[in-house]
Amino acid sequence: MEYNFSEIEKKWRTYWRDNKTYNVKEDSDKEKYYVLDMFPYPSGSGLHVGHPLGYIASDIYARYKRLKGYNVLHPMGYDSFGLPTEQYAILTGIHPEVATKDNTERYRKQLDQLGFSYDWSREVQTSDPNYYKWTQWIFKQLFNSFYCGSENKAMPISHLISFFEKQGNINSQAVCDENTTSFTASDWNSFNETEKENVLQKYRLAFLSDTWVNWCEGLGTVLANDEIKDGLSERGGYPVEQKLMKQWSLRITAYADRLISGLETLDWTDSIKEIQKNWIGKSNGVSVHFNLENSDKTIEVFTTRPDTIFGVNFIVLAPEHDLIDEITSEDQKQKVVDYVNKTKLKSERERQADKSISGVFTGSYAIHPFTKEKVQIWTGEYVLATYGSGAVMAVPCGDQRDWDFATHFGLDIINIFENIDVSEKANQEKDVIIVNSDFLNGLKSKKAIDVAIHKIEELGIGRAKTNYRLRDAIFSRQRYWGEPFPVYYKYDTPFILDDDKHVTLPQVNKYLPTSKGDPPLARARKEDWNVFEGDRMETNVMPGWAGSSWYFLRYMDPKNDGEFCAKEKSDYWGQVDLYIGGAEHAVGHLLYSRFWTKFLFDRGLIGFDEPFKKMINQGMILGRSSFVYRIKDTNTYVSFDKKKGYKTTRLHVDINFVDNDILDLDAFKNWRAEYADADFILNDEGKYICGHEIEKMSKSKYNVQTPEKLVGKFGADTLRLYEMFLGPIEQFKPWDTKGINGVHNFLRKFWRLTHDSDNNFVVSEESPTKQSYKTLHKTIKKVEEEIERYSFNTVVSSFMICVNELTEQKCNSREIISNFTILLSPYAPHITEEIWQKLGNDTSVTFAEFPSFIESYLVEDEVNYPVSFNGKMRFKMSLPVEMTKDQIEDEVMKHEKTAHYLDGKSPKKIIVVPKRIINIVI
RNA sequence: GCCCGGAUGGUGGAAUUGGUAGACACGUUGGACUUAAAAUCCAAUGGACAGUAAUGUCCGUGCGGGUUCAAGUCCCGCUCCGGGUACCA
């Protein structure tokens, strides 16, 4: 074999490992660059060809930046805590640690095969106690911090305590729970330890709170929304109910505003920024208090449209609203109780899925703050307890949901919009004039909103307020395979372990909840814990996103035993300059890690407050499924091009039996017993042609392509080039191996350019021709420009054009080949190392210098002008570059073909764009 | 419903600021080499029409309009596909 890729690739992978080629150190003489892949979860099923797409792109970029003289940090590791491994442990009894080790080893093997330039000495795993003790440490810092509203940053809780000691909480600007009661300094000083802690919990950034969760008694655990189907658990089919449970939460809502404004500094796609903005859901409005007819209490509603306050026809409370019990009249009591109970049984998801209108009148009335008229109070599911104050002022003429509700129950609809018909639907337009609204009459909405807020505040019946859709993040999981909390309890009050103490996951006899419904860790006996303090240890574990919220920092200082990451290291490496990964983490990982980064910044632990400066979201690679067509009620399969006229059933066939849509009949027959004596109707060439379709890659569709197979057949360099050649990195695209021969041939062509027919390496020492220089420098320019704008696919074309031209020029000059080898090395590291070595270099091509582009090689004496008539290109003519517009015009008019296209007419206008185009308007 | 993308040959895609549409590959067809096959090399390849031919004419970037000397690219109005998201007051 001339180009023996398997031997070459093996040789260089060994070399890189033995020589630690890709290990990096901080180096103040060099500018840093940080290229990171999104943290993979090492799943048991390994990689398919879609997974490495982003890794290849980031590797190319990292290698390119090295050639450009940067000190590049390009690490890899595993987000190794997680559910699938735990499920596997429950099923098999195999400790998750063992399964994780197997999976990461397999993953590593697969990654290594592709020739990535990771610094593996920096590998981290979230499930490694030496890693998660620092996750615990950050949790401790969150616990010991509060968010100061006046400084607009997180600060030590001790500051807050001394504030309370001096002033109580009445003038405090600290962010806290909605239901926090006021106290004075002397109140505070009289509290006992537990009382003080209960207050502090309302301020801490990591805090215990009662949270509504989907509790499944049958399984003894809390379920995620997507684990519930029709009100029953997906596994086992047990009933699920909403239950209040004490859970750890993180006060991400304190950062809501900064999480929105910080997006402006990021080079991310608009769509991800938009998703985050919507998720945080900032809305400016006003909270207004409505007095009740028969009570001293008031109902607080939140509205973004105070301009429509004279259009209020009724008020709707969420079924969970505190006041419902109290205000419901005797005659409506039974109906309301039934309704509230019914809704309680539904999961949040079910309630959201159910679009039907429901609600019950409570029988009591509120007083409109301006008109003083009676307003009916209803309860209805469409009002969410968890947003705003859990109550809305219903304006059916101006809000479609309120309109639907009013129409459904036959309630009045007052119209407050001039010349607008609200009999068919509500008016949501803001560019209309408001009428029937006392002091707002004649104003347009925008102005009326300001006027109304002003008036409401002046009368003391409410105040301007900003609401967020974002909720505090629940941080407890009733699982085993996650980070344990550094928390113990004394008299049911939580305490944090000292900084030098951390909890390692204790051994348990089973990975299931206890019979009492406590999490698996509750199975651990006192002596199973490495640390045991107080009455009991916390038995929840942290969620999957805990470890992944800060892993990019640990890569900078992975072995540090005294700190999570030394400040001088994080100051050197700084933000991730390029982050490549899927868009599916838009509101999970990408939001949480921004939150943690801002927190660590606030506390002075790192010097930047956004983790990922530039992000590229690679598109999914889809599979190309193949099909056979079985004639109904037979065991006969008809070729795709012959199936017309037959009634057939389409069946997925394993793509490993299909080459260029032609089915390997023997392989198919051997696949399954039922196909063993299959008959075939072949086409005229005696072949069975399969049908095909583009679908998501999945085992059940038999369309999964593994990198191993392709690396075996074509080599890693070919696979790397091909994955890039498929198309723009961020686009969704089908995987089709048809084209892989093309890039493989390119590498072979490159090999042949530098080897004679006996496979001896040959380069010429003669100086290259002008033409070859031009080819090279054209390529240098293109490769550099395209990589800089992350257009990885077009670079491959440039390589091909370069080798095609050099082959044509019969150019194998050492100078040209050397430079081209460097250009190609980020894409095809193995073959280029081999040729680099054969060129006589004794260090890796990794340490070469990216060739500099010299403009003068591209300068031409002549320009080949396209000549257009009325915008249509008709012919070309070469003219000297230095020619003036007038001279060009003369030359064109003299051209023999011009007369033909003028067809006797004289041109109205001649447009000459030097070095570009000539257009003659007739 | 709302928000964000996208639509270019038989296929994947290129065209970066409005300036030669279809680069580069795949596939297909024909040819060379070979006992044969594979591999390799050469040639053709958007469509239609005319011509023995060189060549010429027309059409052509989802659809309909517009701006411009010139539109895949800009503007207006649609269609279809993909993604995200939703009783968020």
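By convention in this document, chain letters (A, B, ...) are assigned in the order of the sequence lines, proteins followed by strands, and residues within each chain are numbered from 1.
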Find the distance [X]:[atom1] to [N]:[atom2] and express it as a whole number of Å.
| X | N | atom1 | atom2 | answer |
| --- | --- | --- | --- | --- |
| A:N919 | B:G19 | CG | C1' | 9 Å |
| A:E730 | B:G6 | CD | C1' | 12 Å |
| A:K749 | B:C26 | NZ | P | 10 Å |
| A:M724 | B:A14 | CE | C1' | 17 Å |
| A:I729 | B:G12 | CD1 | P | 18 Å |
| A:N793 | B:G13 | CG | C1' | 7 Å |
| A:I801 | B:G22 | CD1 | C1' | 13 Å |
| A:I272 | B:U85 | CD1 | C1' | 13 Å |

May I ask you to say what [X] touches in the nucleic acid, namely base, sugar-phosphate or nothing, with a heavy-atom cut-off under 4.0 Å?
| X | result |
| --- | --- |
| A:N278 | nothing |
| A:V921 | sugar-phosphate |
| A:L726 | sugar-phosphate |
| A:R748 | sugar-phosphate |
| A:S283 | sugar-phosphate |
| A:S271 | sugar-phosphate |
| A:N804 | sugar-phosphate |
| A:Y901 | sugar-phosphate |
| A:Y468 | nothing |
| A:Q400 | nothing |
| A:N745 | sugar-phosphate |

Distance check, [atom1] atoms only: [N] and [M], in whole angstrom units.
| N | M | atom1 | value |
| --- | --- | --- | --- |
| B:U35 | B:A44 | C1' | 29 Å |
| B:G30 | B:A14 | P | 31 Å |
| B:U73 | B:U17 | P | 14 Å |
| B:A23 | B:G62 | C1' | 23 Å |
| B:G60 | B:C75 | P | 22 Å |
| B:A21 | B:A15 | C1' | 7 Å |
| B:G72 | B:G13 | C1' | 14 Å |
| B:A39 | B:U45 | P | 24 Å |

Check your understanding: Do any N or O atoms from the side chain of A:D756 and from the backbone of A:D758 form a donor-acceptor pair under 3.5 angstrom?
Key ->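 Yes, the answer is positive, given that a donor and an acceptor are paired below the 3.5 Å cut-off.
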
Review point. Can you tell me if A:D399 uses its side chain to pair, donor with acceptor, with the backbone of A:D402 under 3.5 Å?
Key: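 Side chain of A:D399 to backbone of A:D402: a pair is present.
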
Check your understanding: Is there a donor and acceptor pair closer than 3.5 Å between the side chain of A:K782 and the base of B:U16?
Key -> yes

Review point. Counting heavy atoms not belonging to A:R874, are there more than 12 under 6.0 Å from its CZ?
Key: yes

Could you tell me whether [X] and [Y] have their ring centroids closer than 6.0 angstrom?
| X | Y | answer |
| --- | --- | --- |
| A:F750 | A:F799 | no |
| A:H368 | A:F310 | yes |
| A:F5 | A:F714 | no |
| A:F314 | A:F405 | yes |
| A:Y722 | A:W735 | yes |

Of the options [options], whose atoms approach the side-chain atoms of [X] most closely?
| X | options | value |
| --- | --- | --- |
| A:K733 | B:G56, B:A86, B:G13 | B:G13 |
| A:I917 | B:G56, B:C41, B:G19 | B:G19 |
| A:K872 | B:C59, B:G19, B:G56 | B:C59 |
| A:R916 | B:G56, B:G19, B:U20 | B:G19 |
| A:L384 | B:A89, B:C69, B:G19 | B:A89 |
| A:Y382 | B:A25, B:C87, B:C41 | B:C87 |

Review point. When the nearest nucleotide of RNA chain B is assigned to A:T304 and to A:N864 on a heavy-atom basis, which residue is associated with the more 5' position?
Key: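 Upstream on the strand: A:N864.
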
Review point. If each of A:E274 and A:K876 is mapped to the nucleotide of RNA chain B with the nearest heavy atom, which maps nearer the 5' terminus, i.e. the 5' end?
Key: A:E274

Exercise for review: Give me the ring orientation class for A:H589 and A:H585: parallel if the planes are under 30° apart, tilted from 30 to 60°, perpendicular past 60°.
Suggested key: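 Because their plane-to-plane angle is over 60°, the rings of A:H589 and A:H585 count as perpendicular.
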
Distance check: side-chain N/O of [X] vs OP1/OP2 of [N], anything under 4.0 Å?
| X | N | result |
| --- | --- | --- |
| A:R874 | B:C58 | yes |
| A:R469 | B:U85 | no |
| A:Q731 | B:G13 | yes |

Check your understanding: Mind checking what makes ring pair (Phe, Tyr, Trp, His ring centres under 6.0 Å) contact with A:H408, not counting sequence neighbours?
Key -> none

Exercise for review: Give the minimum heavy-atom separation between A:T304 and A:S283, together with the two atoms involved.
Suggested key: CG2-CB, 3.9 Å

Revision key, fill the gap. For RNA chain B, the expected dot-bracket line (Watson-Crick or G-U under 3.5 Å, [ ] crossing, | inter-strand) is (((((((..(((......[....)))((((((.......))))))(((((....)))))..(((((..]....))))))))))))....

Study note, to complete from the structure: Regarding B:G66, purine or pyrimidine glycosidic angle vs 90° from 0 gives anti

